2 protein chains.
Amino acid sequence: MAYRQGLDAETVLQAAIELADLQGVEQLTLAALATKLNIKTPSLYNHIKGLPDLRKQLSRRGLVLIKEAMVEAVIGKAEDDALLAAGFAYVMFARKQPGLYDAISSLPDYEDPELQEAGSQVVLFILRILAPYGLSEEDALHVVRGFRSMVHGFASLEHRNGFRMELERDESLRRLLQTYLRGLRVAVK
Amino acid sequence: MAYRQGLDAETVLQAAIELADLQGVEQLTLAALATKLNIKTPSLYNHIKGLPDLRKQLSRRGLVLIKEAMVEAVIGKAEDDALLAAGFAYVMFARKQPGLYDAISSLPDYEDPELQEAGSQVVLFILRILAPYGLSEEDALHVVRGFRSMVHGFASLEHRNGFRMELERDESLRRLLQTYLRGLRVAVK
DNA sequence: GTATAATAACTAATATCATTAGTTTTGTAA
DNA sequence: TTACAAAACTAATGATATTAGTTATTATAC
């Protein structure tokens, strides 16, 4: 093999994402990644710090992309419409990029500052959608947790094949979010 | 070491659960498990089929126990009270037995019949709590999905340290469930 | 333009796993 | 008491990540 095929960190990350989306993040091994890139495993260390670091990169990229997907989805929408659209965008992302989504959710911990930053962006985004509801800061933060719980829980269960009944899944998600939003309208509590 | 120390499958499973709860299911290795049991790694194969099988056993046990915890929690309660109690019991279980809960939720797939059976028991349990609401079967199934999404999502995010704000977490969970239940009351939709 | 330094690939080696095969010891039942 | 099943063992294999040290290529400095 020719020396110097012009590999860089971004290319490696992209290949890792492809592998993860195809076979799950559990199956993402440096051996498989190196094979895909036509290099030997140790050569990967010129571009990544190691497997844990690579996983972290996947998580970070996933958080950035899922937030972008939500931002895109709420263009021209507000309040319940916007939250519904954001929720669907979240779940759709998890469907389209299961490995990347897995990387987000199968993280041992969010201790890393870069990950926290990316996570904060998601939270801030939801807070901005919530602005027109006129909630107190504390109330809004509880709602953010609720929203994240719903969409992450749904995406996660769906991904593990946790929904086995013959029942339209998009409809389940729509009802979940709408029921919650209806409850939010009723009492400010 | 003495031959025949009277080990059996249940003891091995218990030790595995302890390890998983202590260090996470990712760190549950046969090597560590064997060390804990004072045997050599290959000896484990007298009691388990292999690591994937062990993981499956953990998942199954977790599903059984989390359902039992919910059953216990709803004694003497009905409707919203029962659902709220079940939801809290679910999340409490995830807190108390993080490794076991991880085993439930970090499953590659639910293909296995035994796991499906255990999962069905959870679904059936929630359906029984929903009975007094007089929902159609289809409506009820959507609600079950919603409920599972909420509590799993909450437990999962909490476990990954996903909730970073200084904000009472139990209160977040209470509001999430109550808001949803309120929405359920408003319209039968 | 050539020398030098940084870089990206490589090979070799190590440690940790899970797993299988084959062996020894122990408990139990005939 | 003997024979067999079961539960432990040792030894070996193959996959994995990682580190150390080497070589070739690219880029930079002069």
Side-chain angles (χ1 to χ4, degrees), chain A residues 1-61 99 102-103 106-109 111-112, chain B residues 1-61 99 102-103 106-109 111-112:
Chain A
M1 290 306 120
Y3 269 71
R4 294 289 173 122
Q5 57 169 288
L7 215 53
D8 62 355
E10 180 60 26
T11 310
V12 171
L13 179 57
Q14 283 302 330
I17 291 173
E18 280 177 38
L19 272 185
D21 280 338
L22 236 66
Q23 325 169 349
V25 80
E26 297 279 333
Q27 310 304 323
L28 170 58
T29 69
L30 294 189
L33 181 56
T35 301
K36 183 182 173 74
L37 293 168
N38 287 309
I39 58 176
K40 306 297 178 183
T41 308
S43 306
L44 285 171
Y45 285 77
N46 287 314
H47 308 287
I48 61 173
K49 294 202 194 86
L51 187 55
D53 169 67
L54 181 62
R55 289 240 180 96
K56 203 194 74 182
Q57 284 188 58
L58 284 180
S59 302
R60 199 174 108 72
R61 182 61 57 93
D102 233 29
S106 74
L107 218 61
D109 209 329
E111 271 319 304
D112 189 272
Chain B
M1 292 302 122
Y3 269 74
R4 293 287 173 126
Q5 56 169 288
L7 215 54
D8 63 355
E10 179 60 27
T11 310
V12 171
L13 178 57
Q14 283 303 330
I17 290 174
E18 281 178 37
L19 272 184
D21 280 338
L22 236 68
Q23 325 171 348
V25 79
E26 297 279 334
Q27 310 304 323
L28 170 59
T29 68
L30 294 190
L33 182 55
T35 300
K36 182 182 173 72
L37 293 168
N38 287 309
I39 58 176
K40 305 297 178 182
T41 308
S43 307
L44 284 172
Y45 285 77
N46 288 313
H47 308 288
I48 61 174
K49 294 202 193 85
L51 187 56
D53 169 66
L54 182 62
R55 289 239 180 97
K56 203 195 73 182
Q57 284 187 60
L58 284 180
S59 302
R60 199 174 107 70
R61 181 61 57 93
D102 233 30
S106 75
L107 219 61
D109 208 329
E111 272 319 304
D112 188 272

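A, B, ... follow the sequence lines: proteins, then strands. Residue 1 opens every chain. Just so we're clear, the structure is a prediction, and the values are computed from it rather than from any experiment.
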To the nearest 0.5 Å, what is the distance between [atom1] ([X]) and [atom2] ([Y])?
X: Leu22(A); Y: Ile17(A); atom1: CG; atom2: CD1; answer: 13.0 Å
X: Asp102(B); Y: Leu107(B); atom1: CG; atom2: CG; answer: 11.0 Å
X: Leu28(B); Y: Leu33(B); atom1: CG; atom2: CG; answer: 6.0 Å

Take atom [atom1] of [X] and atom [atom2] of [N], then tell me their distance rounded to the nearest Å.
X: Asp53(B); N: dA18(C); atom1: CG; atom2: C1'; result: 14 Å
X: Leu44(B); N: dA7(D); atom1: CG; atom2: C1'; result: 12 Å
X: Asn38(B); N: dC9(D); atom1: CG; atom2: C1'; result: 14 Å
X: Leu37(A); N: dA8(C); atom1: CG; atom2: P; result: 14 Å
X: Glu26(B); N: dA18(C); atom1: CD; atom2: C1'; result: 16 Å
X: Lys40(B); N: dT10(D); atom1: NZ; atom2: P; result: 6 Å

So, [X] side chain and [Y] main chain: donor-acceptor pair closer than 3.5 Å or not?
X: Ser59(A); Y: Ala103(A); result: yes
X: Asp21(B); Y: Gly99(B); result: yes
X: Thr35(A); Y: Ala31(A); result: yes

#### Entry: N/O (side chain, Ser43(B)) to phosphate O (OP1/OP2, dA7(D)) under 4.0 Å
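The answer is no; no side-chain N or O of Ser43(B) sits under 4.0 Å from OP1 or OP2.
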### Query
Under 4.0 Å between a side-chain N/O of His47(A) and OP1 or OP2 of dA9(C), yes or no?
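So the side-chain polar atoms of His47(A) do come within 4.0 Å of the phosphate oxygens OP1 or OP2 of dA9(C), strictly under.
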### Query
Hey, is Glu10(A) close enough to Arg61(A) for a salt bridge, meaning N to O under 4.0 Å?
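Yes, charged N to carboxylate O under 4.0 Å.
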### Message
Using a 4.0 Å cut-off on heavy atoms, which residues in residues 8-20 of chain B reach DNA chain D? List them by number, or say none.
### Response
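Heavy-atom contacts with DNA chain D come from no residue of residues 8-20 of chain B; none.
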### Message
Just by distance, no angles: are the side chains of Thr11(B) and Asp8(B) close enough, under 3.5 Å, to form a donor-acceptor pair?
### Response
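Side chains of Thr11(B) and Asp8(B): pair found under 3.5 Å.
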### Message
With no hydrogens and no angle check, just 3.5 Å: does a side-chain donor-acceptor pair link Glu18(A) and Gln14(A)?
### Response
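No, because no side-chain N or O of Glu18(A) sits under 3.5 Å from a partner of the opposite role on Gln14(A).
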### Query
Does the dA6(D) base have a donor-acceptor partner in the side chain of Asn46(B) within less than 3.5 Å?
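No, no donor-acceptor pair under 3.5 Å.
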Just the table, please: protein N/O against nucleotides 17-20 of chain D N/O, every pair under 3.5 Å.
from: dA17(D); atom 1: OP1; to: Leu30(A); atom 2: N; distance (Å): 2.6
from: dA17(D); atom 1: OP2; to: Leu30(A); atom 2: N; distance (Å): 3.2
from: dA17(D); atom 1: OP2; to: Ala31(A); atom 2: N; distance (Å): 2.9
from: dT18(D); atom 1: OP2; to: Tyr45(A); atom 2: OH; distance (Å): 2.5
from: dT18(D); atom 1: OP2; to: Leu51(A); atom 2: N; distance (Å): 2.8
from: dT18(D); atom 1: O5'; to: Tyr45(A); atom 2: OH; distance (Å): 2.8

